[in-house]
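Written below as structure tokens is the structure these notes are about.
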Number of protein chains: 2
Amino acid sequence: MPTLADVGKAAGVSRGTVSNVFNRPELVRPELRERVEAAARTLGFGGPDPKGRLLRDGKFNAIGFMPPGAYAIAEVMRSPYGRELVLGVSLACDEAGTTLSLVNGTDNTRFASIREALVDGFILGHSADIGLITSAQRRRLPFVILESDAGPDINSIKIDGRSGAVAAVRHLTGLGHRHFGILSIRRTPGPPIVHMPGQAKRPLLAGFPLDDERLEGFKQGLAEANLSIDDVPIIETTPGDPSAGAVVFDNVPEATAILTMSDWQAITILDEAVRRGIEVPGHVSVIGFDGTAESARTTPPLTTIAQDVIGKGRLAARMVLDNEPPRQVVLPVELVVRASTAAPRAKIR
Amino acid sequence: MPTLADVGKAAGVSRGTVSNVFNRPELVRPELRERVEAAARTLGFGGPDPKGRLLRDGKFNAIGFMPPGAYAIAEVMRSPYGRELVLGVSLACDEAGTTLSLVNGTDNTRFASIREALVDGFILGHSADIGLITSAQRRRLPFVILESDAGPDINSIKIDGRSGAVAAVRHLTGLGHRHFGILSIRRTPGPPIVHMPGQAKRPLLAGFPLDDERLEGFKQGLAEANLSIDDVPIIETTPGDPSAGAVVFDNVPEATAILTMSDWQAITILDEAVRRGIEVPGHVSVIGFDGTAESARTTPPLTTIAQDVIGKGRLAARMVLDNEPPRQVVLPVELVVRASTAAPRAKIR
DNA sequence: CAAAATTCTTGGAGCGCTCCAAATTATGGT
DNA sequence: ACCATAATTTGGAGCGCTCCAAGAATTTTG
């Protein structure tokens, strides 16, 4: 690969002049400029290597997005929520003329990824992992963490998941439901986990603030209706597990309403319901979470706890781009009633 | 920002040793190592700056994805097709441990973006723009161009769009349709363009090989049924234009079948049909293109010309990652019949 | 026509790091 | 103790570029 210096030598001028030809051509006498350009062509020099410039001025002009937990970028792209989040981030990047780097990191390589990412700032997916935050702080780059509050010194954006969960339950109890099932999220790879009532270890503290908060909201909402979450089966499946719906119906046949942690999970249930000939909301009501665009397109359209996912992504990007003093933002959430919830039938299916 | 040298000075050791402490700690005597680590902590040195390493070994460990035409990354993320494509790319990046950089570029900055992107290779969205290819070649980095064949020296991946288009028309004429409307894509920003039969300038050569090919396929398919594309209204809308459906129904009320260029467009039509009480496929058949996941979830599910979008993205990434001799890949396409197409009713609505 | 003003070019000084051959120090066996 | 051997540590040599002060060439001015 030829360098500025090579071209300079070939054209009989200095490095600096060649640099000028490419970056500030108006500074170079036309005739000389042409000579340099000719030399560059002959040597197959396609312009200054960005590496050099980078080292010089020290800006990558990029921000990094690191998926939550140990998820890969591809998993983010698969989920309706993840896509909208990335869309929001990319919107802000478009506006700022910044590159968006989707940084991968498996469990073991996540720290190295943060240490070495070629970015000027980070967006960290939600994480219970304090180590990750420390890694990010070491980089001395602006960053924001999603879906968990990491204290006053750290940028964070989350939604009011608890209120959302409470609202979901209230909506359903208001409709008359008394028999629930909860489809929660398993944050480690593996098959669904079924927690039936009465079992010892209930997953109320899974370790992910995101999930814990919603579970607590469900608990509170149920308590308001004199119901105990301890009597409600809780199933945990990985986010995109297509068997989620089946596991729910197999294990919680008496439920008239299913609470979920995401639209994606709710959609899985809808799909399984179709396969089994179970009517939604006739036989069972299903409520989603996130209010993604997908939730409006299902059959029937999903009742869901909506948040502004795109806005959240955009705000996250802006926060790292603007590098202002740390803020902890809590975004509101809103119950959107559509057609997947209704009063339970008098007689249980 | 402290550097290796600073830490070295503070700890009374050389640059090299500090580097070793961070990169190959086993090479450094534990006691010394600790001293260095202590010094690093005091100075707030968070590890070697990736910039330096980068310059040294010259690899970014990233590939860039540049959206087609003058679209922004956000526009790609909005479209079902774009999302699956990026998903496929990210899948390959996950596997390779590579970062995926979503490189923005407006009309004016696209060339600069290519020149300066901090990547080891490129995936270029489809483009009629020869300048872009030249830019990419100048970088002397592996790259692949999507949806247009740029000659034997350049990596490219496209689908057999013509055959797909022919298959779409055959399916519909086979069902008995004789009255068509085509919803094509406008590749510049702006309102829909309506080309009614008999008008002078018909958009058969829009300049985007991607679109041209499909239009030709439609033409051929129609010809096979003794129909002329010159008698078929062609409407062009930008990819995500939500008014597309309305424009189609307003301008082509007599059509019994609508051919589209993407599932996204077809979905728009479905939405508008619901609003107007037009039945699909009762009153009008609609056929999509791409076979994205979304196409299976609509009401009714879309008949579409399916391609393996995820596989395409993955292959594209692999091609630039592997940096093998240039290939021109043409991917097959398949008619997937679902419920949005049916025989036309005897009497036109 | 010389001096002053203007326009171009030059090359040193980094940017922060890793590699590597050479130098230094420690270890172990007589 | 002494030397061979092994284990550590060192610092020069880049990586390719841009900035910038200073020098050179050219043009303008009086």
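Here is how names work: the chains are called A, B, and so on, in the same order as the sequence lines, proteins then strands, and each is numbered from 1. Please read these numbers as outputs of a predicted model, since none were measured by experiment.
Taking the salt bridge (Lys or Arg N to Asp or Glu O under 4.0 Å) definition, one finds that A:D57 meets it with nothing, sequence neighbours left out. Residues satisfying the salt bridge (Lys or Arg N to Asp or Glu O under 4.0 Å) test with B:E147, not counting sequence neighbours, are B:K312.
Here salt bridge (Lys or Arg N to Asp or Glu O under 4.0 Å) pairs that include residues 27-36 of chain B, with residues two or more places apart or in two chains, are B:R29-B:E31. For residues 127-141 of chain B, every residue pair satisfying the salt bridge (Lys or Arg N to Asp or Glu O under 4.0 Å) rule, not counting sequence neighbours, is listed here: B:R110-B:D129. For residues 80-89 of chain B, the salt bridge (Lys or Arg N to Asp or Glu O under 4.0 Å) pairs, not counting sequence neighbours, are B:R83-B:E294.
Look at CZ on B:R115: it is 15 Å from C1' on D:dT18, rounded to the nearest Å. To the nearest angstrom, P of D:dG16 lies 10 Å from CZ of A:F45. Between the NZ atom of B:K51 and the P atom of D:dC17 there is a distance of 18 Å, rounded to whole Å. The CG-P distance, from B:D49 to C:dC15, rounds to 12 Å in whole Å. Rounded to a whole Å, the CZ atom of B:F60 is 12 Å from the C1' atom of D:dC15. Between the P atom of C:dC19 and the CG atom of B:D57 lies a distance of 7 Å, rounded to the nearest Å. Rounding to whole angstrom units, CG of residue A:L55 and C1' of D:dC19 are separated by 13 Å. One atom, CD of A:E31, and another, C1' of D:dA25, lie 13 Å apart when rounded to the nearest Å.
Nearest to the side-chain atoms of A:L32 among the listed nucleotides C:dT18, C:dT9, C:dC15 stands C:dT9.
At a non-hydrogen distance threshold of 4.0 Å, A:T3, A:L4, A:R15, A:S19, A:N23, A:R24 from residues 1-30 of chain A come into contact with DNA chain D.
Considering CD of B:Q328 and CD1 of B:I145, their distance stands at 11.5 Å, rounded to 0.5 Å.
Using a 4.0 Å heavy-atom cutoff across all strands shown, A:R56 reaches at least one base atom of the nucleic acid.
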